[in-house]
**Student:** 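Input: one structure, supplied below.
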Amino acid sequence: MTTVQTDLASAIRALDDEFIRNAVAKDARRLVDAFYAEDAVVLPPNQQPVVGKAQIRPFIQGMIDAGLAEITLETTDISGSGDLAYGVGKYRMTLHPAGADRIEDKGKYVVVYRRQADGSWKAVADIFNTNLPAS
């Protein structure tokens with residue numbers, strides 16, 4: 001792996017860590033500011049696209065308010081060229097809504113990143129969906 005690809009992988013894994021840290025801390029504002037570009041779009045399953053930080057913040061806060069207890073991200077494939085990169089991975093999320101049983105969701109995601117003017121990377125497109133239960 002080249003130094004550029006190693007640096008890119010380190011930057012994306014650091015973004016994953018920041019996402020997890022802020023989600024567990026229930027801080028939607030910091031999570032969105034650290035992870036997403038201003039014009040980012042989140043493409044959640046069975047919902048309309050969530051466009052821009054102003055819409056992404058309440059979307060993430062809604063997940064937190066729904067009882068987000070823990071989340072893990074494992075980005076397994078990272079590649080990029082120039083100012084664009086992507087990460088493919090799998091997630092595990094546990095929700096514990098008030099007065100309800102815990103819900104565990106396992107799925108996969110693709111995130112597209114764009115290098116920002118300051119040299120940092122931010123997500124510009126984020127799509128995720130649940131794995132079907134094993135039969």
**Student:** I need the minimum non-hydrogen distance between A28 and I60, along with the two atoms involved.
**Tutor:**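 Looks like CB-CG2, 3.9 Å.
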**Student:** Taking salt bridge (Lys or Arg N to Asp or Glu O under 4.0 Å) as the test, write out the residues that go with R30, two or more places apart.
**Tutor:**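 R30 satisfies salt bridge (Lys or Arg N to Asp or Glu O under 4.0 Å) with no other residue.
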**Student:** I'd like to check the side chain to side chain donor-acceptor pair (under 3.5 Å) partners of D33; sequence neighbours left out, ordered by chain and number.
**Tutor:**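 R57.
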**Student:** Is it possible for you to say whether Y86 and L15 belong to one hydrophobic cluster, with membership spreading through side-chain heavy-atom contacts below 4.5 Å?
**Tutor:**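 In one cluster with Y86: L15, no.
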**Student:** Could you give all pairs that pass the ring pair (Phe, Tyr, Trp, His ring centres under 6.0 Å) test and reach residues 106-127, with sequence neighbours left out?
**Tutor:**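 As it turns out, there is no ring pair (Phe, Tyr, Trp, His ring centres under 6.0 Å) pair with a partner in residues 106-127 once direct neighbours are skipped.
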**Student:** Looking at CZ of R21 and CG of D27, how far apart are the two atoms once the value is rounded to the nearest 0.5 Å?
**Tutor:**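 The CZ atom of R21 sits 11.5 Å away from the CG atom of D27.
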**Student:** Taking side chain to side chain contact (heavy atoms under 4.5 Å, CB included) as the definition, give me every residue that meets it alongside V24, ordered by chain and number, with sequence neighbours left out.
**Tutor:**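 Residues passing side chain to side chain contact (heavy atoms under 4.5 Å, CB included) with V24: I20.
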**Student:** Verify the cluster assignment for I12 and V112: are they in a single hydrophobic cluster under the rule of side-chain heavy atoms below 4.5 Å apart?
**Tutor:**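 No, separate clusters.
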**Student:** Can you run down the salt bridge (charged side-chain N to carboxylate O under 4.0 Å, His left out) pairs that involve residues 121-131, sequence neighbours left out, and say none if there aren't any?
**Tutor:**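 Checked against salt bridge (charged side-chain N to carboxylate O under 4.0 Å, His left out) - neighbours excluded - no pair reaches residues 121-131.
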**Student:** Can you tell me how far CG of L95 sits from CG of D65, rounded to the nearest 0.5 angstrom?
**Tutor:**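 The distance works out to 11.5 Å.
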**Student:** Would you give me the side-chain donor-acceptor pairs under 3.5 Å for residues 98-106, sequence neighbours excluded?
**Tutor:**
unit_1: R102; atom_1: NH1; unit_2: H96; atom_2: ND1; d: 3.4
unit_1: D105; atom_1: OD1; unit_2: T130; atom_2: OG1; d: 2.8
unit_1: D105; atom_1: OD2; unit_2: Y91; atom_2: OH; d: 2.8
unit_1: D105; atom_1: OD2; unit_2: T130; atom_2: OG1; d: 3.4

**Student:** Could you list the donor-acceptor pairs under 3.5 angstrom formed between side-chain atoms of residues 66-74 and any protein atom two or more places apart in sequence or on another chain?
**Tutor:**
unit_1: E70; atom_1: OE1; unit_2: R92; atom_2: NH1; d: 3.3
unit_1: E70; atom_1: OE1; unit_2: R92; atom_2: NH2; d: 3.3

**Student:** Under the ring pair (Phe, Tyr, Trp, His ring centres under 6.0 Å) definition, can you give me all pairs with a residue in residues 9-50, not counting sequence neighbours?
**Tutor:**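 Ring pair (Phe, Tyr, Trp, His ring centres under 6.0 Å) check on residues 9-50 returns F19-F35.
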**Student:** Could you report the tightest heavy-atom contact between A123 and V111, atom names first, then the distance?
**Tutor:**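 Smallest heavy-atom distance, with atoms named: CB-CG1, 3.6 Å.
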**Student:** Which residues pass the side chain to side chain contact (heavy atoms under 4.5 Å, CB included) test with D83, sequence neighbours left out?
**Tutor:**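 Listed in chain order: R115.
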**Student:** Do I56 and I127 share a hydrophobic cluster (ILVMFWY, side-chain heavy atoms under 4.5 Å, transitive)?
**Tutor:**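 No.
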**Student:** Taking everything shown except K90 itself, do over 12 heavy atoms lie less than 6.0 Å from its NZ?
**Tutor:**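 At most 12 heavy atoms, drawn from other residues, nucleotides or ligands, come within 6.0 Å of this atom.
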**Student:** Does the side chain of K108 reach to within under 4.5 Å of the side chain of V88, using non-hydrogen atoms?
**Tutor:**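 Side-chain contact under 4.5 Å: no.
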**Student:** Output side-chain donor-acceptor pairs under 3.5 Å for residues 37-51, partner residues at least two apart or in another chain, one line each.
**Tutor:**
unit_1: D39; atom_1: OD1; unit_2: R114; atom_2: NH2; d: 2.8
unit_1: D39; atom_1: OD2; unit_2: R114; atom_2: NH2; d: 3.2

**Student:** Taking only residues at least two apart or on different chains, which pairs with a member in residues 39-68 satisfy ring pair (Phe, Tyr, Trp, His ring centres under 6.0 Å)?
**Tutor:**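 For residues 39-68, and leaving out neighbouring residues, there are no ring pair (Phe, Tyr, Trp, His ring centres under 6.0 Å) pairs at all.
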**Student:** With sequence neighbours excluded, what pairs up with D118 under the side chain to side chain donor-acceptor pair (under 3.5 Å) test?
**Tutor:**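 Partners of D118 by the side chain to side chain donor-acceptor pair (under 3.5 Å) criterion, ordered by chain and then number, come out as S120.
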